[in-house]
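See below for the structure under consideration.
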Amino acid sequence: MLKIYNSLAREKQDFVPINPGEARMYVCGMTVYDYCHLGHARVLVVFDIVQRWLRASGLRVTYVRNITDIDDKIIKRALENKQSIAELSEHFITFMNEDAAALGIEPPDHEPRATAYVPQMLDLIGQLEKNGLAYQAKDGDVNFAVRKFAGYGKLSGKSLDDLRAGERVEVDSAKGDPLDFVLWKHARENEPFWPSPWGNGRPGWHIECSAMSSDLLGKHFDIHGGGQDLQFPHHENEIAQSEGAHGCQFVNYWMHNGFVRVAEEKMSKSLGNFFTIREILKKYDAEVVRFFILRAHYRSPLNYSDSHLDDARQALSRLYTALKSVDAEASPVDWEEPHALRFTQAMNDDFNTPEACAVLFDLAAEVNRSRSPALAGQLRALAGLLGLLTRDPQVFLQATPSSETEASIAHVEARIAERVAAKKNKDYAAADRIRGELLAAGIVLEDSAAGTTWRRQ
RNA sequence: GGCGCGAUAGCAAAGCGGUUAUGCACCGGAUUGCAAAUCCGUUCAGCCCGGUUCGACUCCGGGUCGCGCCUCCA
């Protein structure tokens with residue numbers, strides 16, 4: 001039985017789908033005005049795993065991950081870059097897709113863009129107005145009246161009065177309550193706008209997710225995910241909008257992943273301490289990055305540093321090494337096998353990927369001992385559920401993230417041939433010299449009865 | 001100020017009221033021309049103070065420290 005930590009209940013709960021055999025999941029994706037950083041990579045990987053495990057558990061999954069392609073930052077950046085908003089967002093959507101593909105992220109079933117859902121947003125705002133939860137302020141903005149929605153704060157555990165006490169935002173006098181949030185912003189100069197019953201304008205940040213999720217998944221669905229920083233106010237506001245408009249429960253299970261940190265601080269744009277995915281991929285294999293993320297539980301903080309990635313690379317190499325010398329059977333998971341049972345137990349416990357990885361290492365040790373093609377196949381199959389060990393071991397072990405040329409690989413092969421000849425002549429000094437030279441270049445040689453192989457250090 | 005999360009061995013990171021987590025690093029042995037890889041073995045834990053218990057890293061209470069949200073943020 002799968003258990004999920006539900007942010008709404010603040011405890012692990014049995015996952016019971018609304019419709020038996022089916023899971024509908026919505027995840028807040030990217031705002032496309034810049035490159036994705038490692039924090040974004042974590043969301044992508046974490047919910048890719050959720051999606052994969054739900055499917056592996058036999059559920060029919062509909063996975064929606066949205067793209068925010070209209071908001072303040074995009075408008076600002078487009079102006080700075082002197083390009084259109086469409087150009088800017090297209091540009092970064094392309095980069096995002098490249099990064100996601102590199103990380104082994106399976107494409108979601110739907111990837112809706114906010115700009116394509118303006119009519120649905122307007123319908124929703126109209127419904128909220130009809131329900132007495134939205135009002136148009138003097139400045140033309142349409143706001144949500146948080147005091148009118150009884151459950152406001154239930155996700156984040158905040159009470160409106162506490163929020164008011166801690167209010168640090170400049171009060172917008174046009175709002176009925178400082179905590180009211182905007183559903184529809186009136187048109188301003190140099191900004192794109194859409195016509196609406198409330199005049200020309202553009203959507204507020206939160207309304208898009210309410211509109212897209214109900215359109216693609218229905219008014220009530222199973223799982224909603226995103227980074228921990230979205231819990232408040234974004235997800236709280238989504239609940240207010242969706243439940244306020246539809247009059248029914250919005251989402252059963254809320255999932256929030258922890259932050260990536262740098263030197264014990266949250267990695268974020270505003271702190272300027274972020275590393276983009278493509279920056280990291282210049283130094284580390286994408287699968288190493290994926291493994292690095294999966295080695296920590298999704299709700300724990302994850303500290304980023306080169307030495308941690310070095311460590312992850314060494315660890316992943318151990319798994320690939322186990323597959324290198326055994327001809328793994330290409331078989332599906334044998335679910336009755338003991339490692340698979342442990343793996344399943346781990347994943348069913350709120351997606352405990354660190355424990356699932358530990359099972360992979362135990363299994364790898366078993367493969368090394370037994371040289372069993374069936375067990376090697378099992379290792380490959382289980383790891384595959386996490387999107388790991390999907391490549392040829394030799395390709396992984398010899399891969400280099402930077403732009404190494406074929407020529408240098410040819411050079412390695414040539415030097416190995418020289419060394420084999422030297423060894424044949426019992427000229428061990430020459431053999432060791434060649435090995436030392438290659439080692440200095442980060443190439444490790446491994447002699448075995450079957451001959452000499454090499455890998456990157 | 002309000003709300004929440006965390007503190008595990010040299011580093012990273014899980015489960016668990018009593019029995020080896022796991023990975024990296026380290027040490028000893030096997031193996032090897034020597035290595036590497038692999039195998040076998042050893043060493044190294046649970047912030048502090050109380051409480052519950054036959055027994056607590058694990059449960060409860062109180063500290064201390066760290067982090068996050070309350071403002072755009074994955």
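Below, chain A is the first sequence line, B the second, and so on; all start at residue 1.
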**OP:** Kindly give the heavy-atom pair with the smallest separation between A:Leu386 and A:Ala356, and that separation in Å.
**Re:** CD1-CB, 4.4 Å
Original post:
Could you walk me through whether A:Asp392 and A:Lys324 pass the salt bridge (Lys or Arg N to Asp or Glu O under 4.0 Å) check?
Top reply: CA-CA 8 Å; A:Asp392 180 82; A:Lys324 191 174 83 162; over 6 Å; no
**OP:** Report the base-pairing partner of B:G50 (Watson-Crick or G-U wobble, both distances below 3.5 angstrom), or none.
**Re:** B:C60
Original post:
Rounded to whole angstrom units, what separation is found between the CG atom of A:Asn303 and the P atom of B:C67?
Top reply: 11 Å
Original post:
Which part of the nucleic acid, if any, lies within reach of A:Gly258 when heavy atoms closer than 4.0 Å are counted: base, sugar-phosphate only, or nothing?
Top reply: base
Original post:
Looking for any heavy atom pair under 4.0 Å, which part of the strands does A:His37 touch: base, sugar-phosphate only, or nothing?
Top reply: base
Original post:
Do A:Ser159 and A:Asp162 have side-chain atoms, one donor and one acceptor, less than 3.5 Å apart?
Top reply: yes
Original post:
Atom NE2 of A:His224 and atom P of B:A74: how far apart are they, to the nearest Å?
Top reply: 13 Å
Original post:
Below 4.0 angstrom from OP1 or OP2 of B:A14, is there any side-chain N or O of A:Asn352?
Top reply: no
Original post:
What does A:Tyr428 touch in the nucleic acid at a heavy-atom separation under 4.0 angstrom: a base, only the sugar-phosphate, or nothing?
Top reply: base
Original post:
Counting only Watson-Crick or G-U wobble pairs whose two distances fall under 3.5 Å, which nucleotide matches B:C39?
Top reply: B:G29
**OP:** Counting Watson-Crick and G-U wobble pairs only, both distances under 3.5 Å, name the nucleotide matched with B:G6, or none.
**Re:** B:C65
Original post:
What nucleotide among B:A74, B:G33, B:G15 has an atom nearest to a side-chain atom of A:Phe259?
Top reply: B:A74
**OP:** Kindly say if A:Arg295 contacts the phosphate of B:A14, meaning a side-chain N or O under 4.0 Å from OP1 or OP2.
**Re:** no
Original post:
Under the ring pair (Phe, Tyr, Trp, His ring centres under 6.0 Å) criterion, do A:His339 and A:Phe343 qualify, and how do the steps go?
Top reply: CA-CA 6 Å; A:His339 292 92; A:Phe343 186 96; over 10 Å; no
**OP:** May I ask you to say what A:Asp432 touches in the nucleic acid, namely base, sugar-phosphate or nothing, with a heavy-atom cut-off under 4.0 Å?
**Re:** base
**OP:** Determine whether any donor atom in the side chain of A:Lys158 lies under 3.5 Å from an acceptor atom in the base of B:C69, or the reverse, and answer yes or no.
**Re:** yes
Original post:
Does B:G1 have a Watson-Crick or wobble mate here (both distances under 3.5 Å), and if so which one?
Top reply: B:C70
Original post:
Using a cut-off of 4.0 Å on non-hydrogen atoms, how would the nucleic acid contact of A:Arg419 be classed: base, sugar-phosphate, or nothing?
Top reply: base
Subject >> N/O donor-acceptor pair, side chain A:Asp162 with base B:C70, under 3.5 angstrom >> reply: no
Original post:
When all nucleic acid strands are considered with a 4.0 Å heavy-atom cut-off, which category describes A:Arg299: base, sugar-phosphate, or nothing?
Top reply: nothing
**OP:** Identify whether any heavy atom of A:Gly39 sits under 4.0 Å from a base atom; if not, whether one sits that close to sugar-phosphate; answer base, sugar-phosphate or nothing.
**Re:** base
**OP:** Describe the nucleic acid contact of A:Leu445 in one word from base, sugar-phosphate, nothing, applying a heavy-atom distance below 4.0 Å.
**Re:** base
Subject >> A:Arg455 vs B:A36: side-chain N/O to OP1/OP2 distance below 4.0 Å >> reply: no
Original post:
Heavy atoms under 4.0 Å, any strand shown: does A:Arg369 hit a base, just sugar-phosphate, or nothing?
Top reply: sugar-phosphate
Original post:
Is any side-chain nitrogen or oxygen of A:Lys266 closer than 4.0 Å to OP1 or OP2 of B:C69?
Top reply: yes
Original post:
In the strands shown, is B:C44 matched to any nucleotide by a Watson-Crick or G-U wobble pair with both distances under 3.5 Å, and which?
Top reply: none
**OP:** May I ask you to check whether A:Glu80 and A:Tyr33 show a side-chain donor-acceptor distance below 3.5 Å?
**Re:** no
**OP:** Classify the nucleic acid contact of A:Arg261 as base, sugar-phosphate or nothing, counting any heavy atom under 4.0 Å across all strands shown.
**Re:** sugar-phosphate
Original post:
On a whole-Å scale, what distance lies between the C1' atoms belonging to B:G23 and B:C44?
Top reply: 15 Å
Original post:
Using the C1' atom in both, what is the distance from B:C59 to B:U53, to the nearest Å?
Top reply: 10 Å
Original post:
A:Gln314 near the nucleic acid: base, sugar-phosphate alone, or nothing, with a heavy-atom cut-off under 4.0 Å?
Top reply: sugar-phosphate
Original post:
So what does A:Ala315 hit on the nucleic acid, given a heavy-atom distance under 4.0 Å: a base, only sugar-phosphate, or nothing?
Top reply: sugar-phosphate
Subject >> Pairwise side-chain contact, A:Gln241 with A:Cys209, heavy-atom cut-off 4.5 Å (strictly under) >> reply: no
**OP:** Could you tell me whether A:Val260 contacts a base, only the sugar-phosphate backbone, or nothing, with contacts defined as non-hydrogen atoms closer than 4.0 Å?
**Re:** base
Original post:
With sugar-phosphate meaning primed atoms plus P, OP1 and OP2, does A:Ser268 contact a base, only sugar-phosphate, or nothing at under 4.0 Å between heavy atoms?
Top reply: base
Original post:
When you measure from the side chain of A:Arg456 to the backbone N and O of A:Gln398, does any donor-acceptor pair fall under 3.5 Å?
Top reply: yes
Subject >> Between P of B:C72 and CD of A:Gln231, the distance in whole Å >> reply: 15 Å
